[in-house]
Amino acid sequence: MHGYPPSFFASSSQLAVWFSNLTVLVIQPSSLTFLGPSVAGLEHVIPDHYGLFNPSLARMTDDKYLVVARVSNWNYCPSSWNGDWNSTPQSLSEISLQVNRYVAALLDLDLRFRSVVPIEVSHHLYRQKLQEVWPDGSLGSTRIIEGIEDARLSRNPFDDSMWMLFGLRTAYIGRLDLDSCSESGMCLESARLNDSTVWSFPEEWQPGVSHAVKNLCVLVFQSADVVLIHFKVNPSVVLQLKLTTGVWTPVAASVSPSLQHFDGVHADRGGACCVDIIVEGLTTFLGVAHIKFNRYFIMHRFFALRGKSPYDVVHYSALFCLQAGGAFSSSLVGCDTLQFVAGIERDAAEGSVIVSYGVNDCEAAVATVPEAVVVGMLTSTERSRRVDLPFASRGEAGARLQK
């Protein structure tokens, strides 16, 4: 089996050169679980030549976690491709229909894989045409994308329902319904995205951005019917959504001057949000932002939002990536370049923070990092300032999708 091409890996010495004026941390997780094409028990949900990646994790009850992850024929699992990002891999250039599917998997408290099922989605409702544009500006192939992407999973503690924020050229939120096949609940029989609960965010709701609305995360549920949603980190944007009616209201927007600005990149977009954590005596919401330097190189940083309005950034970390460790990754000290954190949880009993992330659009990983390490990475920000952003007027978040 081939490993990932060299362009998928950044050694610690390379990172030191690329970010010579910044601190960059390579985090060695205290534990690591991988799910992907090489893992026994997943064969029936991963067709040949598909990858399983970009997982989002949420704690369900006291004894298990739920992970949702994308399964797609558009992936960068090892092949004969040389890793030249200015050309399309032969295996991908021949794909006219990019198929995105999602699976739901249960992990026990030790993060061991226990059960997995496909998520039933009305895929015909999520189809878009895409024209590839490569880093040198040349046009690549055109393809149809079918199925949802970029899912973020959250549990509503008021009724234990599970919700997904996801995207396909715009953002959606919908409830994930689950059926268990055992009394212990450690076995899944089925999972489905409930069409009747899905809301789409309109194109006019794009607060100060020119690209498609995506990477939205649940900040906190305020009741069984009301949720705060976080979009971006700098500016930090929060809106309130009523799940039964779709009525949404802008809540707060603020800018943190001390966060580095990276020109020409999608900086500090939402990766995973949020868990309660105390930092320097202050109640905060801890999350992970991703900084996309180019299409295939992503770094991350932790951030902590004030635990009440205006939910501004009060602490942040240096850039970080996680030590490579996938089935096809380099064994050297350094990181896979296409890591994508999409889930975060906190295990207070074990004193750890759990993050779920994709590896090179091929594998799914769940890592634990000691909470003391994460808190030790955080630095106080300068006082944030509130800003006005061009929100659409208050109204429905979007039309309910048809069944």
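Index from 1, following the sequence.
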Basic-acidic side-chain contact under 4.0 Å: Arg70, Asp361 = no
Side-chain donor/acceptor of Gln323 to backbone N/O of Leu332, under 3.5 Å = yes
For residues 9-19, please give each side-chain donor-acceptor pair under 3.5 Å, one per line with the distance, not counting sequence neighbours.
residue : atom : partner : partner atom : Å
Ser11   : OG   : Ser13   : OG           : 3.0
Ser11   : OG   : Gln14   : N            : 3.1
Ser11   : OG   : Gln14   : OE1          : 3.4
Gln14   : OE1  : Ser11   : N            : 2.8

For the ring pair Phe302 and Phe320, is the centre-to-centre distance below 6.0 Å?
-> yes
Any donor-acceptor pair under 3.5 Å linking the side chain of Thr197 with the backbone of Arg175?
-> yes
Verify, without hydrogens or angle tests, whether Thr33 (side chain) and Leu111 (backbone) share a donor-acceptor contact under 3.5 angstrom.
-> yes
Got a donor-acceptor contact below 3.5 angstrom from the Thr284 side chain to the Ala304 backbone?
-> no
For the cysteines Cys321 and Cys335, is the SG separation below 2.5 Å?
-> yes
Please determine, by modelled atom types, if Gln128 and Glu149 share a side-chain donor-acceptor pair under 3.5 angstrom.
-> no
With a 3.5 Å cut-off and no angle check, do the side chains of Ser200 and Thr170 form a donor-acceptor pair?
-> no
About how many Å separate CD of Glu363 and CG of Asn54, when rounded to the nearest 0.5 Å?
-> 12.0 Å
Looking at Tyr102 versus Phe166, is the centre-to-centre ring distance below 6.0 Å?
-> no
Residues in side-chain contact (heavy atoms from CB on, under 4.5 Å) with Ser380, at least two apart?
-> Glu280, His315
Output for pair (Leu107 CG, Arg59 CZ), nearest 0.5 Å, gives 12.0 Å
Counting heavy atoms not belonging to Glu350, are there more than 12 under 6.0 Å from its CD?
-> no
Step through it carefully: locate the ring centre of Phe303, locate the ring centre of His230, and say whether they are under 6.0 Å apart.
-> yes
Among side-chain atoms of Arg152 and Ser154, is any donor-acceptor pair under 3.5 angstrom?
-> no
Classify the side-chain pair Asp312/Ser236 by whether it contains a donor and acceptor separated by less than 3.5 Å.
-> no
Inspect the surroundings of NE2 in His49 and state if more than 12 heavy atoms from other residues, nucleotides or ligands are less than 6.0 Å away.
-> no
Any side-chain donor near an acceptor of the partner, Ser223 and Asp225, under 3.5 Å | no
